[in-house]
There are 2 protein chains.
Amino acid sequence: MALRHAVLAALLDGEYSGYELAKTFDAGVANFWHALPQQLYLELSKLESDGLIAGRQVVQETRPNKRLFTVTEAGISELSRFAFAAARPSFIRDDLMVKVRSVDAVDPAGVIRQLDERARIATTKIDIFEGLLRRQRGDLEEELFLREGDRIGPYLTCLRGLRFEQENLDWCTRTAAVLRGRTAAHR
Amino acid sequence: MALRHAVLAALLDGEYSGYELAKTFDAGVANFWHALPQQLYLELSKLESDGLIAGRQVVQETRPNKRLFTVTEAGISELSRFAFAAARPSFIRDDLMVKVRSVDAVDPAGVIRQLDERARIATTKIDIFEGLLRRQRGDLEEELFLREGDRIGPYLTCLRGLRFEQENLDWCTRTAAVLRGRTAAHR
DNA sequence: CTGGTCATGTAACCCGTTACATGATTTC
DNA sequence: GAAATCATGTAACGGGTTACATGACCAG
């Protein structure tokens, strides 16, 4: 059970509905945690009945009603407990890496196509992260912000996400180039 | 079902037993795929009964017997099919990132400890990857090896793993320093 | 004689994914 | 008129993790 804590951490930013959370997860959180909307709705229900978050109904006229959630004090305690306990080693699962590892035994064309695609996605994510970072630090220089800002957790994780995607872009571009060079030479 | 392909890709390197594969997974493959030994034994059985790999019994006197597996032609076909199909987006799941994101609301001491720990792990992995890369390219320069080497798939994925761990080390070190600076200033 | 390595599995459980379900409003 | 957005769920399935199980050899 670990999605709980990802959701709690995300709700530290403020009040969110399940729907809004799902979008947040796609944007900022996605680079170190991923969840589908259905999972979020379920997890929010559980967290609420465990008293770790509190929800309030917001009636809307022109749109469907929604429920907004905030972290309770019990939720903060749970997060503290979690943050103190040893983290399990992180893991990545990436189909594309498996494919690149197999590239000597299979036709590289499909792999190259997917490397290009991945590079494009990385470019988009880089823009998103840079936007998020700018918005969070406002007028402050990064160093000053990190020394004196109120809320630096999300900034620090965005920094990691940005670096990850920059490396991703770099690697995908170079790997695609290497594979293209070889197929051109072979024929 | 995707562990299948990670196992197939790993078996392209040669003949391995379940036990040896488990170690391989810990070392080189772990940075983009992870599996416990039990899962590997099960998956190997399935792959064998599906005809994608072939096993042969090796009787040992001083140690327990083992079964070594190789990829069959049907296995290569399956890998080709997989490599050509669209990859699902990769994902990371990292407890430590969730903790860093929560660091404004909880005691940073535990998080700092885990960042240090993670930095040490990253250092170890960097050494492992550098060793693997050196061994694979032998006497050749990297560029030449990538242009003309026989088997570059594992080299390319190691490059990605190395970069990832270097970034990891860097980020963990810097993040820990930022958090230390703030707790020192507050008191 | 304790702990690590070699070596291979089974069974139960839980979490995550896929598929299904609904329905009004806004934008192109 | 079609497609995207807002908004929230249930149910089935399958894969991944945890726990359990065994046993011989070798190094400190």
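Just so it is clear, the values below take in all heavy atoms, side chains as well, and ignore hydrogens, waters and symmetry mates. The structure displayed is predicted, hence computed values, not measured ones.
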Open item on the list: Can you give me the closest heavy-atom contact between A/Val106 and B/Leu79, atom names plus distance?
Closed with: CG1-C, 4.0 Å
Open item on the list: Using whole Å, what does the distance between atom P of nucleotide D/dT5 and atom NZ of A/Lys66 come to?
Closed with: 16 Å
TODO: Rounded off to whole Å, could you give me the CG-to-P distance for the A/Leu68 and D/dC6 pair?
DONE: 14 Å
Open item on the list: Given 3.5 Å as the limit, does a donor-acceptor pair link the side chain of A/Gln114 with the main chain of B/Ala83, or not?
Closed with: yes
Task: Distance flag, aromatic centroids of A/Phe69 and A/Tyr16, threshold under 6.0 Å - done: no
Task: Criterion side-chain hydrogen bond (donor to acceptor under 3.5 Å, both in side chains) against B/Arg118, the qualifying member of B/Asn168, B/Thr123, B/Asp94 - done: B/Asp94
Task: For atom CG of A/Leu42 and atom C1' of C/dC15, their distance in whole Å - done: 10 Å
- [ ] Using a 4.0 Å heavy-atom cut-off across all strands, classify B/Arg4 as base, sugar-phosphate, or nothing.
- [x] nothing
- [ ] Measure the spacing between CD of B/Gln57 and CG of B/Leu68 and express it to the nearest 0.5 Å.
- [x] 9.0 Å
Open item on the list: So, OP1 or OP2 of C/dA7: does either fall under 4.0 Å of a side-chain N or O from B/Gln60?
Closed with: yes
Task: B/Tyr19 vs C/dT8: side-chain N/O to OP1/OP2 distance below 4.0 Å - done: no
Task: Atom-pair distance (OH on A/Tyr16; P on D/dT8), nearest Å - done: 14 Å
Task: Most 5' of B/Arg88 and B/Ser17 on DNA chain C, judged by nearest nucleotide - done: B/Ser17
TODO: Rounded off to whole Å, could you give me the CG-to-P distance for the B/Leu21 and C/dT8 pair?
DONE: 10 Å
Task: Lys/Arg cation over aromatic A/Phe84: B/Arg113, 6.0 Å, 45° cone - done: yes
- [ ] Kindly compute the distance separating CD (A/Gln136) from CD1 (A/Ile152), expressed to the nearest 0.5 Å.
- [x] 10.5 Å
Task: Between C/dT8 (P) and B/Glu48 (CD): distance, integer Å - done: 12 Å
Open item on the list: Does the structure place the NZ or CZ of B/Arg135 under 6.0 Å from the centre of the six-membered ring of B/Phe129, at an angle of no more than 45° from the ring's axis?
Closed with: no
Open item on the list: What is the separation between atom CD on A/Glu43 and atom P on C/dC15, rounded to the nearest whole Å?
Closed with: 8 Å
At a cut-off of 3.5 Å, list every protein nitrogen or oxygen paired with a nitrogen or oxygen from nucleotides 25-28 of chain D, distance to 0.1 Å.
residue, atom, partner, partner atom, Å
D/dC26, OP1, B/Thr62, OG1, 3.1

Open item on the list: From OH of A/Tyr41 over to C1' of C/dT22, roughly how many Å is that when rounded to an integer?
Closed with: 13 Å
Task: Distance test, side-chain N/O of B/Arg67 to OP1/OP2 of C/dC6, below 4.0 Å - done: no
Open item on the list: Would A/Lys66 and A/Tyr19 count as a cation-pi pair here, with the cationic atom under 6.0 angstrom from the ring centre and within 45° of the axis?
Closed with: no
Open item on the list: Please give me every residue in residues 22-39 of chain A whose heavy atoms get under 4.0 Å of an atom in DNA chain C, ordered by residue number.
Closed with: A/His34, A/Leu36, A/Gln38, A/Gln39
TODO: Looking only at side-chain atoms of B/Phe91, point me to the closest of C/dT17, C/dT5, D/dA7.
DONE: C/dT17
